[in-house]
Every structure is written in structure tokens, then in C-alpha cells.
Amino acid sequence: MARQASVTDSDLSKGSVRGIEDAGGLCRPSVAAGDSSDIIEIVDWDGPGDPENPFNWSRSYKWTATLTTCFISILTGIPAGAYGTAGRQMSREFHVDESAFPFLSFALVSWNMGAAIFPLLFVPLTENTGRMPGYFASYIIFLIFLIPSALAENFATIVVTRFFGGGASSVAINIVGGTNTDIWKGDKERSLPMSIFGLTSVVGIALGPFVGGIIQQHLNWHWIYWIQLIIDAGLLPFFYFILKETRGDVVLAKRAKKLRKGGHSNAYARSELNKPSIPEALKISFMRPTKMLATEFVVTSFTLWVSFAWGILFLFQSSIPIVFEELYGFDVFTTTLIQLALSVGAILAFTINPLQDKLYLASSKRNMERPGKPIPEARLYFAVPGSLLFTAGMFWYGWASTPHTHWIIPTLGIGCVGIGVYAIYLAVVNYLADAYEKYAASALSAASLGRNVFGAFLPLATPALYRNLGFQWASSLLGFIGLILSFVPVVLLLKGEAIRARSPFMLDAAYDDSEMEERRASIAERHVVERNMSAVLPWSEVRAM
């Protein structure tokens with residue numbers, strides 16, 4: 001039996017429920033007697049151990065759901081990079097002259113622009129409508145738009161269809177982060193699932209050229225899409241039977257609907273009360289991430305940081321063929337093998353990430369702000385050396401790219417970039433998921449906007465950048481930009497507590513009311529201490545603190 005709380009319409013109009021008294025599982029507010037038809041029964045979890053609460057699911061199923069959704073992340077990410085390997089075939093078939101400008105890159109731009117825009121609208125919507133509709137709607141749209149891409153008889157068709165395919169792909173990938181926050185409660189439980197999600201996100205993009213290279217080596221470029229369509233569509237029934245709804249609010253809404261059908265006509269979940277219309281929900285879905293991007297320092301700075309690293313993933317899909325074909329005479333397939341160094345680097349970073357998680361959890365022992373809780377900024381310990389290694393890898397790749405240097409040397413530099421991209425991406429995903437727990441999907445959608453915009457336009461500059469500046473200075477310029485952005489995690493490590501104290505989203509982000517009150521009380525108590533100190537100490541001493 002669902003735990004219910006009776007609430008009158010007058011209580012709802014006040015915006016809160018007061019004086020609730022528990023009576024054998026049925027909770028009723030202390031209100032004046034009135035027409036019983038006005039009473040609304042609030043459907044809640046049947047105690048803290050309710051087995052239908054996603055946080056209480058078995059660990060085996062949680063891991064099944066996590067690995068399945070991460071696998072979806074890989075599948076939907078592969079077409080982003082697989083496209084570029086068919087460049088020569090499409091250029092001949094569609095009569096596209098790239099001697100003056102990389103026109104074929106417009107299809108990469110359209111994919112990433114769809115990937116930038118769609119999550120901004122639709123991923124936060126899943127916080128109200130549910131993750132499963134989001135997964136399956138986006139996955140089916142992704143499959144549908146593989147068909148016209150495979151059948152394309154002109155380049156314009158490729159550009160248009162990849163816009164929608166990229167948007168659907170990005171929605172599916174971004175929902176994975178929200179799913180992890182739905183089923184893994186707390187920082188400790190969420191660490192490994194989020195690190196796996198980070199790995200699959202990077203590897204999915206980086207594997208694309210390799211998969212496309214294998215196919216175009218033996219078949220016409222159209223089969224890059226046909227083979228993916230066959231495999232991905234064949235897996236859809238398995239995903240349907242394995243996955244179930246993870247969003248707690250939506251699970252309670254379904255429970256309330258079932259109760260209404262069973263005779264409890266006034267039973268509703270809290271999420272159903274004053275539920276916005278679809279247009280209003282879409283407006284909220286768009287406004288929340290954009291507001292966070294514009295007003296939250298963490299979201300803004302992290303978006304710039306991870307966007308540049310993400311853009312390098314796509315830039316390398318253009319620069320590696322230029323460098324290795326010109327210097328070493330490699331063919332298309334061999335250059336895709338070189339690009340696997342990015343995936344190898346990400347996997348290496350993943351293997352050492354448990355040490356980062358250990359340091360993060362150990363930080364709870366010295367947390368003076370909220371004793372017993374890990375310090376959020378401890379998520380960034382490896383991000384600083386990771387970001388510096390990303391920068392070093394760019395310089396390494398550039399200055400090792402000479403005809404007299406063995407090809408393995410610049411390839412090792414590419415591997416270092418892969419390590420750095422994973423470290424940066426995981427730090428951003430983990431910090432945003434932890435700090436904005438309830439609004440994680442919105443924060444991640446805002447970061448996704450920047451990531452994919454950079455991924456769209458950086459490759460357009462690649463040919464001119466590497467041919468005009470030379471291999472060495474082109475990579476060095478990118479390395480200097482990466483070095484400047486490496487200060488982002490340093491600022492958070494030094495000033496994170498103060499930044500979090502000023503963020504209304506972070507203070508309101510916890511799933512548990514008690515957790516939210518604890519956060520607010522901690523901030524309020526600290527402010528009182530600071531005011532008292534400033535009232536007693538001379539200004540010169542306060543300023544020096």
C-alpha cells in the first residue's frame with residue numbers, strides 16, 4: 001500500500017503542506033473539517049525501504065541499468081566520428097571540391113549543432129516526463145534518421161539528416177547522467193557509475209573513425225549507416241525489456257494513477273500537482289539550463305573548459321589524417337588506428353580514477369563546513385594534472401610531428417590528450433551531478449550546449465590552422481588555450497565553498513528535504529559567524545583574514 005498524505009485544496013493554494021500527522025501509514029494534515037471531496041491524498045514512498053524507490057533497487061539491477069544505458073551512449077556516439085572516414089568517397093560521389101574549404105565538415109557541424117540544441121530542450125523535460133520516454137523516443141528518432149543518411153543522393157540530405165540524428169543521439173547520451181543520479185544515491189555510490197559514463201561518452205566519439213574506417217575499407221560509404229542501423233535497431237527490443245523508469249517522481253505518479261483507477265479518485269503524487277502543460281514544461285526545460293549557463297559561475301566556467309576539450313576530440317578527426325597522411329603516407333584506415341590513441345588514453349585514465357574517488361571520499365574527514373560529507377571540490381584533484389597533461393599532449397603532438405620522428409612519438413602525445421579529455425569531462429560531469437543533484441540533467445544539458453558548439457566549429461578551422469601555422473604552432477596555439485583553461489579547476493579548489501554559498505540552485509538541489517535544510521543551515525551559521533567577527537574585529541584584521 002502506498003504511503004499517502006491527505007491535503008485539502010486550501011493547503012495546496014498556500015503552496016505547502018503543514019501539520020501532517022502519521023497514523024498507521026496514512027498521513028493527514030491538521031486542518032479544519034470540510035467536504036471530504038476536497039481532500040487530496042498525496043502518494044509517497046511506503047517508508048524509506050520502499051522497493052519501488054529507484055534508490056532501493058538491487059545493486060545487480062542498478063548495474064544492469066547503468067551498463068545498458070552507457071552502452072547506448074557508445075552506440076549513439078559512434079556516428080559522430082564515423083562520418084569523417086567517408087570523406088573521399090562522398091567528395092567524388094557528390095562532386096564536392098575541398099581544395100579551398102572543408103565543405104564536407106558542414107555535416108559534422110550539423111550533427112553537433114543538433115547535439116547542442118536538442119538536449120537543452122528535451123533532457124530537462126525528462127525530469128518531469130520520465131527517463132524512459134526520453135531514451136526510447138530519442139533512440140527511435142536516431143534510428144529513423146540513419147535511413148535517409150544511408151540513402152542520401154546529395155550532400156544536402158546528409159547535412160539535414162545528421163542535424164536530427166545528432167540531436168537525438170545527444171539527448172540519449174545526456175540522459176545517462178540523469179539516470180545515474182536517479183538510482184545511485186550519494187557521492188560514494190555514484191562515483192564508479194559516473195566514471196563509466198564518462199568513459200563511454202569519450203570512447204563513443206573516439207571510436208567513430210575506427211568503426212567508419214573498417215567499413216569504408218571494404219564497402220561503400222552508405223554501409224557506414226546501414227550497418228549501424230542494423231545493429232542498433234536489433235538491440236532496441238533488448239533495451240526495452242531491460243530498462244524501466246528511474247525517475248522517482250514519475251514512478252510515484254504512475255503509482256498514483258493506478259490508485260485512482262482502483263477507486264482512490266483523489267490520490268496524486270506531488271509532482272502531479274500544478275503540473276505544467278507540455279508547452280510550459282518545454283519552456284521550463286529551455287529556461288532552466290540557459291539560466292544556469294548565464295548565472296551560475298560553475299556551469300559557465302566548466303562549460304568553457306569541457307567544451308574546448310570536447311572540441312579537440314572532433315578537431316583531431318580532421319588534424320590526424322592531415323598530419324599522418326602528409327608526414328608518414330598513412331592511408332585512411334591506418335590513420336583511424338592512430339585515432340584509437342584517444343580511446344586508449346581515456347581507458348588508462350579510467351583505470352587510475354578509483355584513486356581520485358578514494359581521495360574524494362577521504363576528504364569527508366576534514367570537511368569543516370559539513371562534517372562527515374566529502375568536500376565537493378575534492379572531485380577536481382585529478383582534473384588539475386589531467387588538464388595540464390591535456391595541454392602537454394597538445395604540445396607533444398605538435399612538436400613531435402616531423403618527418404624524421406617515428407610515428408609512435410606524436411601518437412603518444414595524442415594518448416596524453418585522451419587522458420586529459422577524460423579527466424576534464426569526468427570532473428565536470430561528477431561535479432555538476434553532485435552539486436546540482438536534483439537539477440543534474442539541466443546542468444549537464446547546459447554544458448552539452450557548449451561542448452557540441454565547439455565540436456561543431458573547431459573542425460572547420462582545422463585545415464587552415466594546420467596548413468597556415470604549421471603542425472607545430474597550430475597544436476601549440478591550442479595548447480596555450482588549454483593551459484589558460486586549466487585555471488578553472490584551480491579557482492574552484494580555492495574558492496569553491498564561497499561560490500557554492502552564493503548558488504541558489506546548489507542550495508536547493510538535494511533530493512532529501514533534510515539534506516537541503518542541512519545545507520542552508522550550514523551556510524546561515526557560517527554567515528552569522530562572519531558577521532559577528534566583522535563586528536568585533538578591527539576592519540584591518542577582517543580584511544586580512
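Just so you know, these numbers use all the heavy atoms, side chains as well, and skip hydrogens, waters and symmetry mates.
- Taking the charged nitrogens against the carboxylate oxygens, Lys291 and Glu296 have no contact shorter than 4.0 Å, which rules out a salt bridge.
- Taking CG of Leu477 as the start and CD of Gln472 as the end, the distance is 13.5 Å to the nearest 0.5 Å.
- In this structure a side-chain-to-backbone donor-acceptor pair under 3.5 Å is missing from Ser170 to Gly167.
- The two atoms that bring Ile414 and Ala341 nearest to each other are CG2-CB, 3.8 Å, heavy atoms only.
- With hydrogens and angles ignored, the 3.5 Å screen pairs no side-chain donor or acceptor of Arg162 with any backbone N or O of Trp111.
- Every residue meeting the side-chain hydrogen bond (donor to acceptor under 3.5 Å, both in side chains) condition with Asp357, not counting sequence neighbours, appears here in chain and number order: Asn353.
- Interatomic distance, Lys365 NZ to Leu361 CG, rounded to the nearest 0.5 Å: 10.5 Å.
- Cation-pi geometry between Arg190 and Trp184 is not met: the NZ or CZ atom fails to fall both under 6.0 Å from the ring centre and inside 45° of the normal.
- With sequence neighbours left out, the side-chain hydrogen bond (donor to acceptor under 3.5 Å, both in side chains) criterion links Thr64 to no other residue.
- Separating the OG atom in Ser73 from the CG atom in Leu67 is a distance of 12.0 Å, to the nearest 0.5 Å.
- A donor-acceptor pair under 3.5 Å is formed between the side chain of Ser110 and the backbone N or O of Val159.
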(request) Please assess Ile140 against Leu236 for the test side-chain contact (heavy atoms from CB on, under 4.5 Å), listing each intermediate value before the final yes or no. (result) CA-CA 9 Å; Ile140 291 171; Leu236 180 60; 4.1 Å; yes

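- The aromatic ring centroids of Phe106 and Phe163 lie 6.0 Å or more from each other.
- Contact of the Pro374 side chain with the Arg379 side chain is not registered, since no non-hydrogen atoms from C-beta on lie closer than 4.5 Å.
- Between the side chain of Ser363 and the main chain of Ile375, a donor-acceptor pair closer than 3.5 Å is present.
- Side chains of Ser448 and Asn452: a donor-acceptor N/O pair is present below 3.5 angstrom, by distance only.
- Taking the side chain as every heavy atom from C-beta outward, Thr334 and Tyr328 never approach each other to under 4.5 Å.
- Checked by atom type and distance alone, the side chain of Thr68 never pairs as donor or acceptor with a backbone atom of Ala65 at under 3.5 Å.
- A donor and an acceptor atom, one from each side chain of Ser149 and Tyr83, are nowhere located under 3.5 Å apart.
- Side-chain contact between Leu327 and Ser401: present, with at least one pair of heavy atoms (C-beta onward) separated by less than 4.5 Å.
- The side-chain heavy atoms of Thr76 and Tyr139, taken from C-beta on, include a pair separated by under 4.5 Å.
- Side-chain atoms of Asn112 come within 3.5 Å of backbone atoms of Gly455 as a donor-acceptor pair (strictly under, hydrogens ignored).
- Annotation: side chain of Leu449 is not in contact with side chain of Thr303 (no heavy-atom distance under 4.5 Å).
- Within the structure, salt bridge (Lys or Arg N to Asp or Glu O under 4.0 Å) pairs that include any residue of residues 145-156 do not occur (at least two apart or interchain).
- A donor-acceptor contact shorter than 3.5 Å links the side chain of Gln356 to the backbone of Phe382.
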(request) For the pair Thr462 and Phe314, evaluate side-chain contact (heavy atoms from CB on, under 4.5 Å) and give the outcome as yes or no after the intermediate values. (result) CA-CA 10 Å; Thr462 305; Phe314 287 92; over 6 Å; no

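- Judged purely by atom type and a 3.5 angstrom limit, Gln228 uses its side chain to pair as donor or acceptor with the backbone of Ile224.
- By the side-chain hydrogen bond (donor to acceptor under 3.5 Å, both in side chains) test, Ser387 pairs with Trp305, Ser486, sequence neighbours left out.
- Other residues, nucleotides and ligands contribute more than 12 heavy atoms inside 6.0 Å of the CH2 atom of Trp63.
- Between Asn430 and Ser191, the closest side-chain pair of non-hydrogen atoms is not below 4.5 Å.
- Contacts of Leu337 classified as side-chain contact (heavy atoms from CB on, under 4.5 Å), with partners at least two apart in sequence or in another chain: Phe210, Phe333, Leu340.
- For the pair Leu478/Leu315, a side-chain contact is recorded, criterion being any heavy-atom separation below 4.5 Å from C-beta on.
- Donor-acceptor pairing under 3.5 Å is recorded for the side chains of Tyr135 and Thr179.
- The closest side-chain heavy-atom distance from Phe471 to Pro410 is not below 4.5 Å.
- Residue pairs that meet the ring pair (Phe, Tyr, Trp, His ring centres under 6.0 Å) test with at least one member in residues 186-205, sequence neighbours left out, do not exist here.
- Remark: side-chain polar atoms of Ser169 are not paired, donor with acceptor, to backbone N or O of Gly165 under 3.5 angstrom.
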Please tabulate, one pair per line, all N/O donor-acceptor pairs under 3.5 Å involving side-chain atoms of residues 422-429, not counting sequence neighbours.
from: Tyr422; atom 1: OH; to: Ser195; atom 2: O; distance (Å): 3.0
from: Tyr425; atom 1: OH; to: Ser201; atom 2: OG; distance (Å): 3.2

All N/O donor-acceptor pairs, side-chain side in residues 392-399, below 3.5 Å, sequence neighbours left out:
from: Trp396; atom 1: NE1; to: Ile409; atom 2: O; distance (Å): 3.1
from: Tyr397; atom 1: OH; to: Ser319; atom 2: OG; distance (Å): 3.4
from: Trp399; atom 1: NE1; to: Ser476; atom 2: OG; distance (Å): 2.6

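- Side chains of His222 and Glu93: a donor on one and an acceptor on the other come within 3.5 Å.
- In this view, Thr300 satisfies the side-chain hydrogen bond (donor to acceptor under 3.5 Å, both in side chains) rule with no residue, not counting sequence neighbours.
- Taking the six-membered ring for Trp and thresholds of 30 and 60 degrees, Tyr225 and Trp221 have ring planes more than 60 degrees apart, a perpendicular arrangement.
- To the nearest 0.5 Å, atom CZ of residue Phe454 and atom OG of residue Ser307 are 5.5 Å apart.
- Annotation: the span from Thr391 atom OG1 to Ile481 atom CD1 amounts to 10.0 Å, rounded to 0.5 Å.
- Atom CH2 of Trp226 has more than 12 heavy atoms from other residues, nucleotides or ligands within 6.0 Å.
- Using modelled atom types, one finds no donor on one side chain facing an acceptor on the other under 3.5 Å when comparing Arg131 with Thr69.
- Remark: Phe164 pairs with Phe145 by the ring pair (Phe, Tyr, Trp, His ring centres under 6.0 Å) rule, at least two apart or across chains.
- Of the residues Phe302, Tyr381, Tyr360, the one that meets the ring pair (Phe, Tyr, Trp, His ring centres under 6.0 Å) test with Tyr431 is Phe302.
- For residues 319-328, the salt bridge (Lys or Arg N to Asp or Glu O under 4.0 Å) pairs, not counting sequence neighbours, are Arg88-Glu325.
- Residue pairs meeting the salt bridge (Lys or Arg N to Asp or Glu O under 4.0 Å) criterion with at least one member in residues 404-415, sequence neighbours excluded, do not occur.
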